[in-house]
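One-based numbering along the sequence shown. Quick caveat, the model's predicted, so the values are computed rather than measured.
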Amino acid sequence: MAWKTAVLLLWLSYLSSAAEIRGLNPKHKVSYNPERDFTCLDGSATLPFSLVNDDYCDCKDGSDEPGTAACATGHFYCPNKGFSPFEIQSSRVNDGVCDCCDGADEYDSRAQCTDMCAELGRKAETEKQKQQVLQDSGYKLRLDYARRGAQKKQESHVRADALRLELEALGREVEALKQAKESAEGPEKAAKEEHRKLWEEELKRRNETARRAEAQAAFNELDSNSDGHVSVAELQARSELDEDGDGAVGDSEALAYLDQEQAVSFEAFYERAWDVVSDKCQFQVTTPTIVPTQIQHGDKEEDDDGDDDDDDDDDD
């Protein structure tokens, strides 16, 4: 048991001696044992430990002079208790300038160094706390944006579901109209043609309405600042619009979509850019094409009656 105590005391004595070596970085202290010769950290030479910090450079890497300015390649460790430790070039040791905040580098010069480590440490801690406050604020803001984004996404899904239900209802109405048409008793050719024209006109009108609704939804999505205009900068946020494949939408590319305008309203966007943009971009909400639910053609029905009367006259 006594030998273990002796070994422990010897090891503590070694650590204490190594810790007293001026300018030594604690991470290297295991290599500095006053009880044996010193080997340069780069392995370039081995020399008596008495030559460590003797103000003469023996090692190529300067590791034998951690506390003097003898080696151009050496480094001096500033403990800077109360602040952050760091290393400086050995050439700055005892040069009359206080580099370490505790003045440890000017132990043998006329420089009157004041220990500023505690003050610097307080300032660093204050700045750290400020940065933490900023980070916390930014994190809360990010959470708020995420919440709002999720809410808008949910609202978009609700609108899409409503449109799908409307489309299904319209489909049922169309099917009913088709069945009624098939069961109708022998409409005249002119009445059929008129009905077809009215059908196509209504279909065209509603499809145009649906197309405008789809374009409006896409316009709102592109209009990130909700100012009622889509700008060059807002188009540049959509990488799908990159024409030349350089990974970014340039000013000239965005201006080409907007007919050389910096920003356009919905009507201008719909007329000039929608056809091209809709082919290149995928938007969150797509308004389905809507077919007519009901066609008013009373005049046609009156014509049908008139035609029937003519047929009766012919029979007479």
Contact summary for Leu258 and Ser231, nearest pair of heavy atoms: CD1-C, 3.9 Å
Has Gln132 got more than 12 heavy atoms of other residues, nucleotides or ligands less than 6.0 Å from its CD? yes
Hey, does Leu170 have a side-chain heavy atom less than 4.5 Å from the side chain of Arg206? yes
Determine whether the side chains of Ser109 and Glu106 contain a donor N or O and an acceptor N or O closer than 3.5 Å. yes
Side-chain contact test, heavy atoms from C-beta onward, threshold under 4.5 Å: evaluate it for Leu203 versus Glu200 and give yes or no. no
Do Glu253 and Asp242 have side-chain heavy atoms sitting under 4.5 Å apart? yes
Taking the six-membered ring of Phe49 as reference, does the NZ or CZ atom of Arg36 fall below 6.0 Å from its centre and within a 45° cone about the axis? no
Between Glu243 and Lys280 (salt bridge meaning N to carboxylate O under 4.0 Å), is one present in this structure? yes
Any side-chain heavy-atom pair from Asp223 and Glu234 closer than 4.5 angstrom? yes
What's the shortest heavy-atom distance between Cys101 and Leu120, and which atoms? CB-CD1, 3.5 Å
Salt bridge check, Arg148 against Asp144: does any charged N sit closer than 4.0 Å to a carboxylate O? yes
Could you grab the distance from atom CG of Asn53 to atom CG of Asp64, nearest 0.5 Å is fine? 8.0 Å
Before accepting this row, confirm whether a basic side-chain N of the pair Lys197/Glu194 lies closer than 4.0 Å to the acidic partner's carboxylate O. no
Using only heavy-atom distances, determine whether the side chains of Arg22 and Tyr77 contain a donor-acceptor pair under 3.5 Å. no
Compare every heavy atom of Cys57 with every heavy atom of Glu65, then report the nearest pair and how far apart it is. CG-CA, 4.2 Å
Test item: Glu261 and Val232 side chains (from C-beta on) under 4.5 Å apart, heavy atoms: no
Distance, nearest 0.5 Å, that separates OH of Tyr270 from CG of Asp275: 8.0 Å
Is a salt bridge present between Arg92 and Asp95, judged by a nitrogen-to-oxygen distance below 4.0 Å? no
For Cys100 and Cys113, run disulfide bond (SG atoms under 2.5 Å apart): C-alpha distance rounded to whole Å, both residues' side-chain angles, the deciding distance at 0.1 Å, then the answer. CA-CA 9 Å; Cys100 304; Cys113 299; over 6 Å; no
Hydrogens and angles aside, do Gln236 and Asp251 bring a side-chain donor and acceptor to less than 3.5 Å of each other? yes
Residue pairs passing the ring-ring contact (aromatic ring centres under 6.0 Å, His included) test with at least one member in residues 115-153, sequence neighbours excluded, are none
Determine the minimum heavy-atom distance between Gln282 and Glu221, stating which atoms define it. O-OE2, 4.5 Å
Would you check if Trp274 and Glu214 make a side-chain contact, meaning some heavy-atom pair closer than 4.5 Å? yes
Counting C-beta onward and ignoring hydrogens, is there a side-chain heavy-atom pair between Asp37 and Leu47 closer than 4.5 Å? no
If you link I, L, V, M, F, W and Y whenever their side-chain heavy atoms are under 4.5 Å apart, who else ends up in the same group as Tyr107? Phe76, Phe86, Ile88, Val93
Residues Glu208, Arg205: salt bridge by 4.0 Å N-O rule: no
Once ring-ring contact (aromatic ring centres under 6.0 Å, His included) is applied, what residue pairs with a partner in residues 214-250 remain, sequence neighbours excluded? Phe219-Phe266, Phe219-Phe269
Interatomic distance, OG@Ser265 vs CD@Glu271, rounded to 0.5 Å, equals 8.5 Å
Does a side-chain N-to-carboxylate-O contact under 4.0 Å join Glu201 and Arg196? no
Are any of the side-chain heavy atoms of Glu127 and Arg122 separated by less than 4.5 Å? no
